[in-house]
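Reviewing the structure listed below.
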Amino acid sequence: MTIKLSGRIDSSNAAQTEVDINKQIGSFNGELTLDASELEYISSAGLRVILRLKKANETTKVINCNSEVYEIFDMTGFTEMMEISKAYRKLSVEGCEVIGEGANGIVYRTDPDTIVKVYKNPDSLDEIHNERELARKAFVMGVPTAIPYDVVQVGDLYGSVFELLDAKSFAKLINEGVSVEELAKQSVEILKTMHSTVLKEGELPSKKQEGVIWGKFVEPYLSSATGAKLVKMFEEIPEVNTMLHGDFHIKNIMQQNGENLLIDMDTLSMGHPVFEFAGIYAAYIGYGCVDKENGAKFFDIKREQCLDMWKYTVDYYFSDKSEEELDEIKRMVEIICYARILRWMIRRGDKANEEQKQVIVFCKNYLEENVPKVERLYY
């Protein structure tokens with residue numbers, strides 16, 4: 001049941017308001033929502049009414065509070081006792097520059113100071129709040145992160161707002177002529193900061209558990225020997241507590257006044273860094289296993305620059321490794337990458353077009369050829 005609150009609720013009308021609300025409730029005992037979109041002010045007398053409603057029905061929550069009303073609830077501790085949510089500011093992105101797009105959302109620049117990530121799922125509020133908490137967690141632990149400061153409504157969708165004054169993604173900087181090698185070097189600095197962050201057990205989702213799912217899913221589509229070995233190698237990857245971004249690439253690194261900041265933190269997880277590099281390889285090269293221009297189209301740069309970004313990232317991150325060791329690591333990374341892509345493409349089922357079918361064939365052939373050549377998927 002949803003009940004509208006309106007005008008002012010203070011000592012002059014709190015008692016009558018409570019009577020009116022209880023009449024509406026009657027014998028109802030399901031989830032109770034108080035819609036405060038038309039509520040202008042609430043005093044201590046009104047708060048006591050809300051408190052009694054909460055005691056009578058534990059599910060009671062208040063939604064759509066304006067800033068002033070929400071502040072009253074917050075200052076008096078109600079936001080810690082029950083669910084209280086603000087009204088979402090409405091925002092239009094019509095005509096705004098698209099500066100990035102991923103599986104979950106599209107990032108727009110709404111003005112020189114601000115960007116907004118609009119989620120594709122209309123029921124994304126939980127995702128938005130989860131990403132904000134993950135970004136805060138990373139920021140507190142020393143990872144350079146842009147933290148969303150507001151949630152807005154964009155049509156039927158929701159978005160997170162970031163203050164990024166004149167910030168540009170690494171993809172845009174490359175497009176404007178900035179050295180790929182220099183940006184790769186800077187991206188490696190961020191990676192190493194993130195990968196030096198050790199989390200508590202279970203603090204973030206396990207990437208290894210996700211990897212085992214990939215392996216078991218594609219196993220039936222491979223020869224018995226290759227499939228069994230692939231699953232076994234996924235299961236043998238050490239379960240480590242290293243922080244991973246999960247979608248680390250040049251569209252998710254923004255530069256603002258010489259400072260580099262990560263965005264798109266909803267994929268934050270923990271595990272062996274080999275999974276991070278499998279994702280990086282997929283972004284720059286892997287998804288282009290059939291259409292070689294795939295990465296270049298996504299990042300709006302040249303294919304050679306995608307290849308260089310991958311090469312320099314690996315070279316600077318693993319500067320202490322020999323060429324032989326690097327080749328071994330690259331093969332591990334590629335196997336994980338193509339196992340993941342194979343699962344993704346197979347799950348598309350009837351939606352797969354001719355190119356996607358070719359990707360499935362490529363991934364299966366790659367795994368059949370290369371899984372027998374390695375004994376483990378971690379370095």
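Positions are given from 1, in the same order as the sequence printed here.
- Salt-bridge check for D291 with K297: passed, with a basic side-chain N closer than 4.0 Å to an acidic carboxylate O.
- Between K168 and E176 a salt bridge is recorded (basic side-chain N to carboxylate O distance below 4.0 Å).
- Hydrophobic clustering keeps V274 apart from V240 (ILVMFWY residues linked when any side-chain heavy atoms are closer than 4.5 Å, directly or through intermediates).
- Looking only at side-chain heavy atoms (C-beta outward), C363 and V359 come within less than 4.5 Å of each other.
- Under the 3.5 Å distance criterion, the side-chain polar atoms of T59 are matched with a main-chain donor or acceptor of L32.
- Donor-acceptor pairing under 3.5 Å is lacking for the side chains of T114 and E163.
- In this structure the side chain of L268 reaches within 4.5 angstrom of the side chain of M194, judged on heavy atoms.
- Under a hydrophobic-cluster definition in which Ile, Leu, Val, Met, Phe, Trp and Tyr are linked whenever side-chain heavy atoms come within less than 4.5 Å, directly or via other members, L53 and M81 are assigned to the same cluster.
- Contact of the Y317 side chain with the F277 side chain is registered, since non-hydrogen atoms from C-beta on lie closer than 4.5 Å.
- In E97, the CD atom is crowded: over 12 heavy atoms of neighbouring residues, nucleotides or ligands sit closer than 6.0 Å.
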side-chain contact (heavy atoms from CB on, under 4.5 Å) evaluation trace for L34 with I50:
CA-CA 9 Å; L34 303 175; I50 303 297; 3.6 Å; yes
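- Residues V19 and M1 do not share a hydrophobic cluster, defined by chaining ILVMFWY side chains whose heavy atoms lie under 4.5 Å apart.
- When atom types are taken as modelled, the side chain of N175 and the backbone of D300 share a donor-acceptor pair closer than 3.5 angstrom.
- Judged by distance alone, the side chains of D74 and T79 do bring a donor and an acceptor atom under 3.5 Å apart.
- Grouping Ile, Leu, Val, Met, Phe, Trp and Tyr by side-chain contacts under 4.5 Å, direct or through others, leaves I63 on its own.
- For E71, the CD atom counts as loosely surrounded, since its 6.0 Å shell holds 12 or fewer non-hydrogen atoms of other residues, nucleotides or ligands.
- Between the N130 side chain and the D126 main chain, no donor and acceptor come within less than 3.5 Å of each other.
- Residues K207 and S269 come closest through the heavy atom pair CD-OG, 3.5 Å.
- Residues E40 and V69 form no side-chain contact, since every pair of their non-hydrogen atoms from C-beta on lies 4.5 Å or further apart.
- The environment of CD in E80 is sparse: at most 12 heavy-atom neighbours from other residues, nucleotides or ligands sit within 6.0 Å.
- The pair K232-E375 does not count as a salt bridge, with every side-chain nitrogen at least 4.0 angstrom from each carboxylate oxygen.
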Between L164 and D113, is a side-chain contact (heavy atoms from CB on, under 4.5 Å) present by the stated rule, with each step listed?
CA-CA 5 Å; L164 287 169; D113 296 354; over 6 Å; no
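- Checked by atom type and distance alone, the side chain of H245 never pairs as donor or acceptor with a backbone atom of L191 at under 3.5 Å.
- For the pair I250 and M309, the minimum side-chain heavy-atom distance is below 4.5 Å.
- A distance-only check finds a donor-acceptor pair linking the side chain of N57 to the backbone of G30 [under 3.5 Å].
- Surrounding NZ of K330 are more than 12 heavy atoms belonging to other residues, nucleotides or ligands, all under 6.0 Å away.
- Using a 4.5 Å heavy-atom cutoff, the side chains of V314 and Y281 are not in contact.
- Atom NZ of K373 has more than 12 heavy atoms from other residues, nucleotides or ligands within 6.0 Å.
- Side-chain atoms of N353 come within 3.5 Å of backbone N or O of Q356 as a donor-acceptor pair.
- In this structure, K251 forms no cation-pi arrangement with F170, as its terminal cationic atom is not both closer than 6.0 Å to the ring centre and no more than 45° off the ring axis.
- In the displayed structure, D156 atom CG is contacted under 6.0 Å by at most 12 heavy atoms of other residues, nucleotides or ligands.
- Judged by a 6.0 Å distance limit and a 45° cone about the ring axis, K208 is not positioned over the six-membered ring of F275.
- Side-chain atoms of T145 never come within 3.5 Å of backbone atoms of I147 as a donor-acceptor pair (strictly under, hydrogens ignored).
- Using a 4.5 Å heavy-atom threshold, the side chains of E203 and K137 count as touching.
- Scanning both residues, T2 and D35, for their nearest heavy atoms gives CG2-CB, 3.9 Å.
- For the residue pair K4 / S37, a side-chain donor-acceptor distance below 3.5 Å is found, with atom types taken as modelled.
- Using modelled atom types, one finds a donor on one side chain and an acceptor on the other under 3.5 Å when comparing Q186 with E182.
- Side-chain atoms of E276 and H195 include a donor-acceptor pair closer than 3.5 Å.
- Here the closest non-hydrogen pair linking V374 and L377 is CG2-CD2, 4.4 Å.
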Run L230 and E219 through side-chain contact (heavy atoms from CB on, under 4.5 Å) and show every step you take.
CA-CA 7 Å; L230 179 65; E219 182 181 8; over 6 Å; no
With salt bridge (Lys or Arg N to Asp or Glu O under 4.0 Å) as the test, would you mind laying out the steps for E328 and K321 before giving the verdict?
CA-CA 10 Å; E328 186 179 8; K321 304 290 185 185; over 6 Å; no
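- Considering only residues two or more places apart in sequence or on other chains, Y379 meets the ring-ring contact (aromatic ring centres under 6.0 Å, His included) condition with H272, F318.
- Closest approach of L204 to M243, counting heavy atoms only: CD1-CG, 4.4 Å.
- Under the 6.0 Å cut-off for aromatic ring centres, F362 and Y338 qualify, their centroids lying closer than that.
- For A339 against V218, the heavy-atom pair with the smallest separation is O-CG1, 3.6 Å.
- Using the six-membered ring where Trp is involved, Y316 and Y312 have ring planes that are tilted, between 30° and 60° apart.
- At a threshold of 4.5 Å between non-hydrogen side-chain atoms, the residues M345 and R348 count as touching.
- There is no side-chain donor-acceptor pair under 3.5 Å between Y41 and E68.
- Look at E58 and K54 and you find a salt bridge, because one of the NZ, NE, NH1 or NH2 atoms lies within 4.0 Å of a carboxylate O, short of that distance.
- Electrostatic pairing of E334 and R331 does not count as a salt bridge here, judged by no charged N lying under 4.0 Å from a carboxylate O.
- At least one donor-acceptor pair under 3.5 Å links the side chain of R303 to the backbone N or O of K292.
- Looking at S223 and E368, their side chains do bring a donor and an acceptor atom within 3.5 Å of each other.
- Nearest heavy atom pair, residue T193 against residue V143, reads CG2-CA, 4.4 Å.
- With a 4.5 Å cut-off between side-chain heavy atoms of Ile, Leu, Val, Met, Phe, Trp and Tyr, the cluster of V116 takes in L91, V93, V98, I106, Y108, V118, Y149, V152, V154, L157, V161.
- Under a cutoff of 6.0 Å and an axis angle of 45°, R376 and Y378 form a cation-pi pair.
- Using modelled atom types, one side-chain atom of E325 and one backbone atom of S322 make a donor-acceptor pair closer than 3.5 Å.
- Looking only at distances, a side-chain donor or acceptor of N66 sits under 3.5 Å from a matching main-chain atom of L39.
- By the 6.0 Å and 45° rule, R340 does not stack over the aromatic ring of W344.
- A donor-acceptor contact closer than 3.5 angstrom is absent between the side chains of D20 and Q24.
- Side-chain polar atoms of N121 and E127 form a donor-acceptor pair below 3.5 angstrom.
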